[in-house]
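Counting starts at 1 for both ligands and their atoms, in listed order.
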Amino acid sequence: MGKLLVVGSVALDSVTTPFGEVVEAVGGSATFFCIAASYFTDVQLVAVVGEDFSPEHLTALQRDRVDLNGLERRPGRTFRWRGEYSYTLNEAKTLDTQLNVLETFRPTVPESYRTPSQLFLANIDPDLQLMVLDQVQRPSVVALDTMNFWIEGKIEALRKVLKEADILIINDGEAQALGNNRNLVQVSRIIRSWGPQTLIIKRGEYGVAMFHGDAVFALPAYPLEHLKDPTGAGDAFAGGFMGFLASAPALDDQSLRQAVVYGSVMASFAVQSFSVDRLASLTDEDVKERYMDFNRLITFQV
Ligand code: AMP
């Protein structure tokens, strides 16, 4: 049986929020995704790091259910991202993006990864997302994430990826930029006409909305009294969402809704600390408990 495969960035992030800062902490879209998904299923990672990615950095990714055979180490420096959040925690302000080893990275999918059950193309250059798609047998679910950096710089490659995708998971601002429209219902119709049948729009502290067929499912974010750093919330969401789907008996409306809740559970843990500290140290009970909290949060009598 194939496994959940992800390609994305592994990064050293420097982040400032109103609650503190970190310098060159482990991050990256694939990192948050793998850790979140590993609470549900086995994950295979395709990514690249540089020579400066130390054994201590690597420990964040060394988990029983994460296969690192596809993590390449190349001469040069690891991808770096520097961002800042104001009290409006919904939008990261990118201060600096250094692609470094990502600039010349040409992903090679190991032989043992080529028949995945599901594929997640995490936020990374859409040309690299396409290269991975070309090397694998098409799985039952292909999902992707992207960001303004690529919507502005690589729209043609991104449209090609979208054509091949079943699910797009994207921030509200980015969805509006991609669909060139402010109304999210109209945006969902426009973007879904380009390929993905399902569109999931992440709305930060306002939660998430899933457009699927004629249905819309909306969920608030978990009400947290203290949060530290929103970085990685989107990727942790995707990891919980895809990880749950990979372990679900069917790919129906019910499972998709439950997957949105598990995604939101993992995102809520990610924002409780800088880097992956909280996300990487959960128990299965922590995850289940918060899932049940969500159930109480949205249940009402009609
Ligand atoms: P999010 O889940 O949306 O908060 O994603 C945050 C992660 O995205 C950070 O850990 C960054 O390292 C990573 N990231 C930022 N910019 C890029 C980019 N242009 N390509 C790939 N990954 C990025």
side-chain contact (heavy atoms from CB on, under 4.5 Å) between Thr97 and Thr94, worked out: CA-CA 7 Å; Thr97 300; Thr94 293; 3.3 Å; yes

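No side-chain donor from either of Glu174 and Asn148 sits under 3.5 Å from a side-chain acceptor of the other. A donor and an acceptor atom, one from each side chain of Tyr39 and Arg63, are located under 3.5 Å apart. For the residue pair Ser9/Ser29, the side-chain donor-acceptor check at 3.5 Å is satisfied. Residues Asp172 and Tyr206 bring no donor and acceptor atom of their side chains to less than 3.5 Å of each other. Counted by atom type alone, Asn123 and Thr146 present zero donor-acceptor pairs between their side chains at under 3.5 Å.
Residue contact check: Gly28 has heavy atoms under 4.0 Å from atoms 9 (C), 10 (O), 12 (O) of ligand 1. Taking every non-hydrogen atom of Gly234 and a distance limit under 4.0 Å, the qualifying atoms of ligand 1 come out as 2 (O). Near Thr231, with a cut-off below 4.0 Å to any heavy atom, the atoms of ligand 1 are 4 (O), 6 (C), 9 (C), 10 (O). Shown in contact with Phe32 at under 4.0 Å from a heavy atom are these atoms of ligand 1, numbered in order with element: 10 (O). If you number the atoms of ligand 1 from 1 as listed, the ones under 4.0 Å from a heavy atom of Met147 come out as 16 (N), 17 (C), 18 (C), 19 (N). Close approach of ligand 1 to Ala11 is summarised as follows: ligand atoms under 4.0 Å from at least one heavy atom of the residue are 12 (O).
The N/O atoms of Gly27, backbone and side chain alike, include none that comes under 3.5 Å of an N/O atom in ligand 1. The shortest N or O to N or O distance between Thr97 and ligand 1 is not below 3.5 Å. The shortest N/O to N/O separation between Gly232 and ligand 1 falls below 3.5 Å. Among the atoms of Phe149, none of the N or O lies under 3.5 angstrom from an N or O of ligand 1.
Here the protein heavy atom with the shortest distance to atom 11 (C) of ligand 1 is Asp13 OD1, 3.5 Å. The protein non-hydrogen atom at the shortest distance from atom 22 (N) of ligand 1 is Ser9 OG, 2.9 Å. If you check which protein heavy atom lies closest to atom 21 (C) of ligand 1, you get Asn123 O, 3.1 Å. Shortest contact from atom 15 (C) of ligand 1 to any protein heavy atom: Trp81 CD1, 3.4 Å. In this structure, the protein non-hydrogen atom closest to atom 2 (O) of ligand 1 is Asp235 OD2, 2.5 Å.
Ring geometry for Phe294 against Tyr222 counts as tilted: the plane angle lies between 30° and 60°, on a 0 to 90° scale.
With a heavy-atom cut-off of 4.0 Å, Ala92 does not touch ligand 1 at all.
Phe237 does not count as a contact of ligand 1, since none of its heavy atoms falls under 4.0 Å from the ligand.
Under a 4.0 Å N-O distance rule, the pair Asp145/Lys202 qualifies as a salt bridge. Ionic pairing of Asp127 and Lys160 is not present here: no N-O contact between side-chain nitrogen and carboxylate oxygen is shorter than 4.0 angstrom. Salt bridge present: Arg257 and Asp253 bring a charged side-chain N and a carboxylate O closer than 4.0 Å.
Cation-pi contact between Arg192 and Phe211: absent, since separation from the ring centre below 6.0 Å together with deviation from the ring axis within 45° is not met.
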